[in-house]
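Letters go in sequence order (proteins before strands), and every chain restarts at 1.
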Amino acid sequence: MKLNPMELYNLLPKTNCRLCEPKTCMAFATKMALGDVLPDDCPPLLEEGFEKNLEKLRELVAPMQSAEETGIKLDDSKCTGCGNCVVVCPVDVAVEPETGHGKAGKSRDTVFIVENGISKIINLEKCRRFPPDRLNCRVCEQYCCTDAIEIW
Amino acid sequence: MEDIVCSGCALLCDDVAAEVKGEEISSLGLCRLGHQHLISSIKMHDAKSVVRDTGTEKTVSIGVALKKASEILLTAKRPLLYGWSHSTDETITKGIELAKSIGAAFDTTASLGLVQALIHKLHSKQLEIDLDYVRNNGEFILYWGSNPTESSHRHPSKFAVLPRGENIPEGIESRTIGVVDVRNTETMKMANHRLIIPPGADAELLDALSSDILGKSPITGDVAGISAQELLGLVRNVKKSDCTVIFYGSGLINSGNTEANLSGLQTLIESVREAGKQAFALPMATEPNIMGVTKNAVEAGDGDTLRRLVAGEFEAALIVGDDSLVELPGPAAKAFASIPLIYVGPPGGITDAKARVSIHVADSMLLGSGKMHRLDFVEVPYKQWSAHPKQPAAEFDVISRLHELVTKGLK
Ligand code: SF4
Ligand code: SF4
Ligand code: SF4
Ligand code: SF4
């Protein structure tokens with residue numbers, strides 16, 4: 001699932017009204033493609049005249065908010081099961097603090113679990129890139145030495 | 001799931017779990033290597049005892065195989081007992097006893113590199129520290145000629161790079177990471193300092209860093225192809241860190257310049273200490289009990305055995321847990337191939353296929369008994385669990401019975 005910022009941009013008011021945090025429509029579109037902001041975060045879009053655009057945008061970003069469609073991909077064939085992702089993911093450390101000290105995660109409440117020698121994403125919806133947090137976190141990707149994790 | 005200890009590499013991870021249900025094998029926390037090791041240890045369907053004689057091969061009972069093995073050992077004027085880095089400490093001790101009883105030479109796979117490093121008095125200089133201390137205190141981590149991403153998968157996540165610890169509140173954010181290697185390695189992705197140096201330039205770089213840290217001769221230009229700016233940045237970070245740990249691997253040990261590299265490493269550690277900060281060096285190795293072998297066997301072991309093997313000194317050999325015909329350099333492998341061999345280990349490999357007597361044994365991870373020494377010399381006992389019910393014999397029992405048989409034969 002990859003959203004095209006240009007496609008999203010074309011549906012925005014394109015006024016650069018600075019009412020949103022990214023301040024410009026292009027920046028807003030780029031953040032929306034990453035799942036960091038939502039169509040509803042653009043106040044002018046909620047006003048009259050933009051109903052169709054708003055609906056279309058909501059449709060486009062919907063898959064990113066659901067648990068099945070993801071902004072993170074984990075390539076089994078590249079994964080060594082090193083556990084770096086388990087140990088750095090802030091969610092994992094919050095729900096199973098021992099992982100933050102390097103221990104293997106076993107609770108099944110974490111985002112990642114290393115099972116049968118490779119890491120699996122078992123609770124994607126907890127990833128902080130997704131609502132409600134929508135943070136621009138990518139530390140798991142950053143410390144996956146074999147590039148098995150890809151975030152977009 | 002039951003708690004187990006992994007024998008897949010020298011990290012001997014003890015925070016992992018596994019379960020066997022019929023043909024289905026599952027694990028939690030084991031890295032790819034560990035899980036594969038678990039599977040291959042369990043699926044030893046072809047485990048057996050074999051005696052080969054003048055072109056014929058017979059599957060025999062373990063008693064018959066042991067009898068034959070004891071005959072070979074007793075007939076040979078001077079046998080060599082070799083391997084052992086996959087064996088538990090208890091088995092190694094038994095092996096040393098066996099060697100003493102029959103006047104055999106005893107040597108281990110560690111003599112190829114790691115032991116060289118350790119007998120270089122690094123050990124007696126107290127350069128080491130345990131990995132839990134590294135997790136809690138290691139602020140500057142330097143992988144030198146070692147690539148954990150390739151061979152000790154969980155080393156960065158469990159101990160050295162990513163975990164939080166007492167004085168490392170933010171994990172990786174509280175540490176600085178450096179990697180020195182002759183090529184770009186995957187581990188470098190995590191590093192703040194990435195130093196790619198030409199092969200053989202280690203000693204030069206180590207010396208330059210020590211001299212700068214001690215203020216003897218500051219770095220002013222390129223060293224080993226690395227700019228002064230980069231090197232000074234690294235030195236600054238080392239000096240800033242309360243605790244520096246260098247993990248040195250085969251790149252430093254087996255690059256042909258071992259002696260100079262290791263004394264350079266020692267000097268660097270001492271220089272950082274003189275500058276008022278903690279510094280340690282720890283070896284990186286893969287075979288699970290390379291440290292147990294080092295600890296138990298260095299005194300008991302004979303030096304220089306491979307050269308003596310090539311010179312034809314040994315008339316027979318017992319090879320334990322090593323595919324020496326494949327792993328050893330050509331002349332040594334050839335010399336082994338030309339004498340009667342007894343192989344004790346997991347099924348598979350050329351040594352197993354060529355040996356006069358082959359006795360397959362179960363992996364310690366499954367047996368859950370005995371102990372090994374982790375990379376940092378910490379003793380790790382195996383944990384009992386209900387692995388696969390059908391396992392071949394325990395290596396410890398095989399070596400013990402062999403010892404009994406030769407002792408009887410000597411009388
Ligand atoms: S609030 Fe909407 S219209 Fe205004 S700058 Fe942001 S995206 Fe553009
Ligand atoms: S960090 Fe990458 S290689 Fe390591 S376990 Fe996670 S996905 Fe696999
Ligand atoms: S992006 Fe951040 S929160 Fe999401 S899985 Fe990766 S480390 Fe965890
Ligand atoms: S790092 Fe080594 S000991 Fe730990 S699970 Fe992997 S192979 Fe086993």
Who among Thr80(A), Val87(A), Val88(A) has the most heavy-atom pairs with chain B under 4.5 Å?
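Option with the greatest count: Thr80(A).
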For chain B, find which of Ile113(A), Val86(A), Asp147(A), Val139(A) contributes the most heavy-atom pairs closer than 4.5 angstrom.
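So the answer, after comparing Ile113(A), Val86(A), Asp147(A), Val139(A), is Asp147(A).
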Chain B contacts: which residues in residues 20-27 of chain A have a non-hydrogen atom closer than 4.5 Å to it?
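Near chain B, by residue number: none.
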For the pair Ser174(B) (side chain) and Glu170(B) (backbone), establish whether a donor and an acceptor sit closer than 3.5 Å, ignoring hydrogens and angles.
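At least one qualifying donor-acceptor pair exists.
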I'd like to know if the side chain of Asn116(A) and the backbone of Ser27(B) have a donor-acceptor N/O pair within less than 3.5 Å.
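A pair under 3.5 Å: yes.
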So what's closer than 4.5 Å to chain A heavy atoms on [X]: side chain, backbone, both or neither?
{"X": "Arg135(B)", "value": "side chain"}
{"X": "Ile172(B)", "value": "side chain"}
{"X": "Ile25(B)", "value": "backbone"}

Look at [options] and state which one has the largest set of heavy-atom pairs under 4.5 Å with chain A.
{"options": "Ser157(B), Gly165(B), Pro163(B)", "answer": "Ser157(B)"}
{"options": "Val161(B), Thr149(B), Leu33(B)", "answer": "Thr149(B)"}
{"options": "Met1(B), Arg164(B), Met188(B), Met190(B)", "answer": "Arg164(B)"}
{"options": "Gly29(B), Gly171(B), Pro156(B), Cys31(B)", "answer": "Cys31(B)"}

For Glu287(B) and His86(B), which I'm curious about, is there any donor-acceptor pair between the side chains at under 3.5 Å?
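Distance-only check fails for Glu287(B) and His86(B).
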Side chain / backbone / both / neither for [X] at chain B, heavy atoms under 4.5 Å:
{"X": "Gln142(A)", "result": "backbone"}
{"X": "Val114(A)", "result": "both"}
{"X": "Val93(A)", "result": "side chain"}

Under the side-chain contact (heavy atoms from CB on, under 4.5 Å) rule, what do Glu55(A) and Asn53(A) come out as? Steps first, then yes or no, please.
CA-CA 5 Å; Glu55(A) 203 182 315; Asn53(A) 291 26; over 6 Å; no
